[in-house]
Amino acid sequence: MTTRVIIVDDQAMVRAGFAALLAAQSDIDVVGDAPDGVQGVELSRRTHPDVVLMDVRMPEMDGLEAARQLLDPPAGVVHRPKVLMLTTFDVDDYVYEALRAGASGFLLKDAPPADLISAVRVVAAGEALLAPSVTRRLIADFARQRPAPRKDRTALRLNGLTPRETEVLELIARGLSNQEIADALVLAEQTVKTHIGRVLAKLGLRDRAQAVIFAYESGLVSPGAG
């Protein structure tokens, strides 16, 4: 099955380079590109891509607001693409907020070509976290900059998890993949997937990216620990 992709970035060279790389893949079809968030949202609504590569900082409308509009569309709009945020190496506040809004993850603009191709395929397949260790570092950076973890309502929600589900959530936040969690807890990988599904359902979270954020904000995981 072919994955339909659009690229939203204010740098023409970035759009052209990413488009050429992705279009060369037999299973990826680049169906358009846009220079800002406003045009990106309009293009997505018109072309119905599976994945949107979304730059963080753009004129007219930044990537965060565009991601929000795509992931929480108005009544009557049923298409919700996967959104993969594009960012520089520097930690960016917008990326953190985009993950909270439901973006599937993020990709560094200077990542190797193979990583870009893999990221699109992984997101299209429904996986939410592209590079667990990098995402963990990003969230940890923000957790360090925030006052104290919000341990009121989030802690109460944690109480609804079983001990095993809490263990799984902690390992997700520490950047472990499903297979690594399975090895650590001596479980089958399918069992880990089942636990993750239950954790997300009980906590009302969209995906693993939001699970990482929740773990830090609830105080389950502390920046720099483990």
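Counting begins at 1 with the first residue of the sequence.
Residues passing the side chain to side chain contact (heavy atoms under 4.5 Å, CB included) test with Leu200 are Ile196, Leu205, Ala211, sequence neighbours excluded. With sequence neighbours left out, Asp36 forms a side chain to side chain contact (heavy atoms under 4.5 Å, CB included) with Val38, Gln39, Pro59, Glu60. The side chain to side chain contact (heavy atoms under 4.5 Å, CB included) check on Thr166 picks up Leu161, Leu220, with sequence neighbours excluded. Not counting sequence neighbours, Arg45 has no partner by the side chain to side chain donor-acceptor pair (under 3.5 Å) test. By the side chain to side chain donor-acceptor pair (under 3.5 Å) test, Asp29 is found to be paired with no residue, residues two or more places apart in sequence or in another chain being considered. Taking the salt bridge (charged side-chain N to carboxylate O under 4.0 Å, His left out) definition, one finds that Asp115 meets it with nothing, sequence neighbours left out. Shown here are the side chain to side chain donor-acceptor pair (under 3.5 Å) partners of Arg46, two or more places apart in sequence or in another chain: Glu42. Applying the salt bridge (charged side-chain N to carboxylate O under 4.0 Å, His left out) rule to Arg198 yields no partners; only residues at least two apart in sequence or on another chain are considered.
Looking at every heavy atom in both residues, Ser218 comes nearest to Leu158 through OG-CD1, 3.4 Å. Nearest heavy atoms, Met54 versus Ala66: CE-CB, 3.5 Å. Closest approach of Leu71 and Pro81 over heavy atoms only: CD2-O, 3.5 Å. Here the closest non-hydrogen pair linking Pro49 and Ser44 is CD-O, 3.4 Å. Nearest heavy atoms, Leu64 versus Met85: N-CE, 4.3 Å.
For the atom pair Glu167 CD and Ile172 CD1, the distance stands at 12.0 Å (nearest 0.5 Å). Separating the CD1 atom in Ile28 from the OG1 atom in Thr2 is a distance of 9.5 Å, to the nearest 0.5 Å. We find the CG-OG1 distance between Leu108 and Thr87 to be 7.0 Å, quoted to the nearest 0.5 Å. To the nearest 0.5 Å, the span separating CG on Leu84 from CG on Leu107 amounts to 5.5 Å.
In this structure a side-chain-to-backbone donor-acceptor pair under 3.5 Å is missing from Arg121 to Asp27. A donor-acceptor pair under 3.5 Å is absent between the side-chain atoms of Ser118 and the main chain of Ala114, judged by distance alone.
Pairs passing the ring-ring contact (aromatic ring centres under 6.0 Å, His included) check and including a residue from residues 185-207, sequence neighbours excluded, do not occur. Among pairs with a residue in residues 33-65, those fulfilling ring-ring contact (aromatic ring centres under 6.0 Å, His included) read His48-His79, at least two apart in sequence or across chains.
At least one side-chain heavy atom of Pro73 sits under 4.5 Å from a side-chain heavy atom of Arg80.
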Begin with the C-alpha distance, continue with both residues' side-chain angles, and end with the deciding distance and a verdict on side chain to side chain contact (heavy atoms under 4.5 Å, CB included) for Asp62 and Val56. CA-CA 6 Å; Asp62 62 43; Val56 172; over 6 Å; no
Could you walk me through whether Asp55 and Lys109 pass side chain to side chain contact (heavy atoms under 4.5 Å, CB included), step by step? CA-CA 9 Å; Asp55 188 20; Lys109 285 188 176 181; 3.1 Å; yes
Begin from the C-alpha positions of Val8 and Leu43 and carry the test side chain to side chain contact (heavy atoms under 4.5 Å, CB included) through to its verdict. CA-CA 9 Å; Val8 185; Leu43 178 64; 5.6 Å; no
Which atom pairs, donor and acceptor, lie under 3.5 Å between side-chain atoms of residues 180-192 and protein residues at least two apart or in another chain?
from	atom 1	to	atom 2	distance (Å)
Glu180	OE1	Ser177	N	2.8
Glu180	OE1	Ser177	OG	3.4
Asp183	OD1	Gln179	NE2	3.0

Which pairs would a plain distance check flag for residues 10-20, meaning a side-chain donor or acceptor within less than 3.5 Å of a matching protein atom at least two apart in sequence or in another chain?
from	atom 1	to	atom 2	distance (Å)
Arg15	NE	Asp33	OD1	3.0
Arg15	NH1	Asp9	O	2.6

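Across Val168, Leu169, Thr162, a single residue satisfies side-chain contact (heavy atoms from CB on, under 4.5 Å) together with Glu165, and that is Thr162.
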